[in-house]
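Encoded as structure tokens, the structure appears first; notes follow it.
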Amino acid sequence: MDLLKKLCSIHAPAGDEGALKAFLLEYIYENQQSWKVKPTIVHGEEFQDCLILEFGTPRTAVFAHMDSIGFTVRYEDQLVSIGGPEVETGYQLVGKDGLGAIACELQVDEDHRLRYKFGRPIATGTSLTFACNYREDEDYVQSCYLDNRLGIYNALKVCETLENGAIVFSCWEEHGGGSVAYLTKYLYEKWRIKQALISDITWVTDGVHHGLGVVLSMRDSGIPRQSFIRKIIALADSGGIPYQLEVEGSGGSDGREIQQAPYPIDWCFIGAPEDHVHSPDEKVHKKDISAMVSLYRLLLEEL
């Protein structure tokens, strides 16, 4: 899983996804010759830092957000959160400003104010992310930013066998969204795509556990059309792919933006569950990763 390790180490907090887009383009150009179908690569100023791969005649789109949570340097030694990171004094943060590379320490005071500890001032506006400590054993992978580099990993594995479909790499998901509206507009107006799968990572909870399969979310803060969810459940059953059902009242994803867009697009969040969400130690079971890739490949053939 060297690809996943590389993805987790790339600095790409919300609003600063350019380095990850550059990595994806390089990876796609190097590997597309071995894929079943060579995609059309869609990107440019009108798509900002987003990227779309079009295979054959797409009926279904897979959305995987590129950005991560992180921090922005404010003034003096102050930090402001990007998205909703877990914070604890001692967490190691990395970044780069005009004076060079940064490896500093997060400090959380008694009033929950965030600061950094470093040997020099860091330029205002610099983005910082968790230092990557990727770990892997027989059963688990553990690292910062499995959310959502694992969703990207899944999308790239799906590309290997995909004949008809669109793979969409979006921005800003962790900090309020903003790119999915124009991405869905493009996909609907060009291809009349009416189905979307959200390749993202969810939580281990009292009803969702490690190693029991990929999670099909029936709802979170948004409620997708249930007839579409039931169709996906039936396909998972027919394919014999292990899955778990999730029902939550909070949380969201690119699916929330799809549902709010003025297009009749059904969506379903499908992803592996993880522990230690939004921390440097996110943890996912390999069986759930395997089930995630298998289910996406099946759905893109059958939907």
Side-chain angles (χ1 to χ4, degrees), residues 4-5 7-20 49 64-97 101-118 122-135 140-153 170-179 198-205 220-221 248 250-254 256-257 269 271-284:
L4 180 59
K5 182 178 181 180
L7 288 167
C8 288
S9 68
I10 297 172
H11 183 90
D16 201 5
E17 295 93 344
L20 184 50
D49 287 326
H65 72 86
M66 295 190 286
D67 59 300
S68 72
I69 49 88
F71 307 87
T72 308
V73 174
R74 191 168 181 255
Y75 315 117
E76 298 179 345
D77 61 349
Q78 302 168 45
L79 296 175
V80 180
S81 294
I82 298 172
E86 289 295 310
V87 294
E88 185 176 308
T89 294
Y91 281 167
Q92 299 300 301
L93 307 178
V94 294
K96 183 172 65 174
D97 65 6
I102 298 161
C104 62
E105 185 178 288
L106 176 63
Q107 303 281 304
V108 186
D109 70 17
E110 58 187 14
D111 295 317
H112 207 68
R113 289 177 297 208
L114 307 180
R115 301 184 182 275
Y116 66 83
K117 183 180 179 181
F118 193 46
I122 300 173
T124 295
T126 300
S127 61
L128 302 175
T129 53
F130 293 133
C132 184
N133 177 20
Y134 183 91
R135 290 144 284 172
Y140 291 94
V141 292
Q142 190 163 14
S143 174
C144 61
Y145 304 136
L146 293 175
D147 176 9
N148 185 37
R149 306 305 158 75
L150 183 51
I152 292 173
Y153 172 87
S170 64
C171 295
W172 289 312
E173 191 273 349
E174 296 289 5
H175 202 83
S179 68
I198 312 303
S199 180
D200 204 342
I201 304 306
T202 189
W203 315 312
V204 169
T205 63
D220 46 31
S221 61
E248 294 292 339
S250 61
S253 67
D254 281 344
R256 175 180 53 209
E257 283 196 83
F269 182 113
E274 73 171 18
D275 249 340
H276 313 302
V277 177
H278 284 187
S279 81
D281 302 303
E282 295 176 350
K283 184 177 182 181
V284 179

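Computed from a prediction, not measured in an experiment: that's the story for all the values here.
Side chain of His276 to backbone of Lys283: no donor-acceptor contact under 3.5 angstrom is found. The backbone N or O of Gly83 sits less than 3.5 Å from a side-chain atom of His175, completing a donor-acceptor pair. No donor-acceptor pair under 3.5 Å is formed between the side chain of Gln107 and the backbone N or O of Arg115. Asp67 places a side-chain N or O within 3.5 Å of a backbone atom of Trp172 that can act as its donor or acceptor partner. Under a 3.5 Å cut-off, the side chain of Ser143 and the backbone N or O of Asn133 do not form any donor-acceptor pair. Between the side chain of Asp111 and the main chain of Arg113, no donor-acceptor pair closer than 3.5 Å is present. In this structure, the side chain of Arg256 does not engage the main chain of Asp220 through any donor-acceptor pair within 3.5 Å.
Nearest approach of Ala64 to Gly151, heavy atoms of both residues: CB-O, 3.8 Å. Among all heavy-atom pairs drawn from Cys104 and Ile122, the shortest one is SG-CD1, 4.2 Å. Considering every non-hydrogen atom in both Asn148 and Ser199, the closest pair reads ND2-O, 3.1 Å. In plain terms, the two heavy atoms of Cys144 and Cys132 that are nearest each other are SG-CA, 3.6 Å. Heavy-atom minimum distance, Met66 versus Cys171: CE-SG, 3.6 Å. The shortest heavy-atom contact between Ala12 and Glu17 is CB-CA, 4.1 Å.
No side-chain N or O of Asp200 forms a donor-acceptor pair with one of Ser253 less than 3.5 Å apart.
Note: Thr72 OG1 to Leu79 CG = 8.5 Å, rounded to the nearest 0.5 Å. Here CG of Leu150 is found 9.5 Å from CG of Leu7. Values are rounded to the nearest 0.5 Å. Summarising the geometry, atom CD1 belonging to Ile201 is positioned 8.5 Å from atom CD belonging to Glu282; distances are rounded to the nearest 0.5 Å. Rounded to the nearest 0.5 angstrom, Tyr145 OH and His11 NE2 are separated by 8.0 Å.
For the pair Phe71 and Val87, the minimum side-chain heavy-atom distance is below 4.5 Å. Counting only heavy atoms from C-beta outward, the side chains of Ile10 and Arg149 approach each other to under 4.5 Å. Here the side chains of Lys117 and Asp77 are not in contact, with every heavy-atom distance at 4.5 Å or above. Residues Ser68 and Thr129 form a side-chain contact, since some pair of their non-hydrogen atoms from C-beta on lies under 4.5 Å apart. Two residues are said to be in side-chain contact when any heavy atoms from C-beta on lie closer than 4.5 Å; Glu274 and Asp147 meet this criterion. Side chains of Ile82 and Leu128 form no contact here, defined as non-hydrogen atoms less than 4.5 Å apart. Using a 4.5 Å heavy-atom cutoff, the side chains of Arg135 and Asp281 are in contact. Residues Pro273 and Trp203 form no side-chain contact, since every pair of their non-hydrogen atoms from C-beta on lies 4.5 Å or further apart.
Residues passing the ring-ring contact (aromatic ring centres under 6.0 Å, His included) test with Tyr91, sequence neighbours excluded: Phe130. For Asp97, the salt bridge (charged side-chain N to carboxylate O under 4.0 Å, His left out) test picks out Arg120, with sequence neighbours left out.
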Checklist entry - Given the rule in the side chain to side chain contact (heavy atoms under 4.5 Å, CB included) test, do Glu173 and Glu257 qualify, once you have shown the distances and angles that lead to the verdict? => result CA-CA 9 Å; Glu173 191 273 349; Glu257 283 196 83; over 6 Å; no

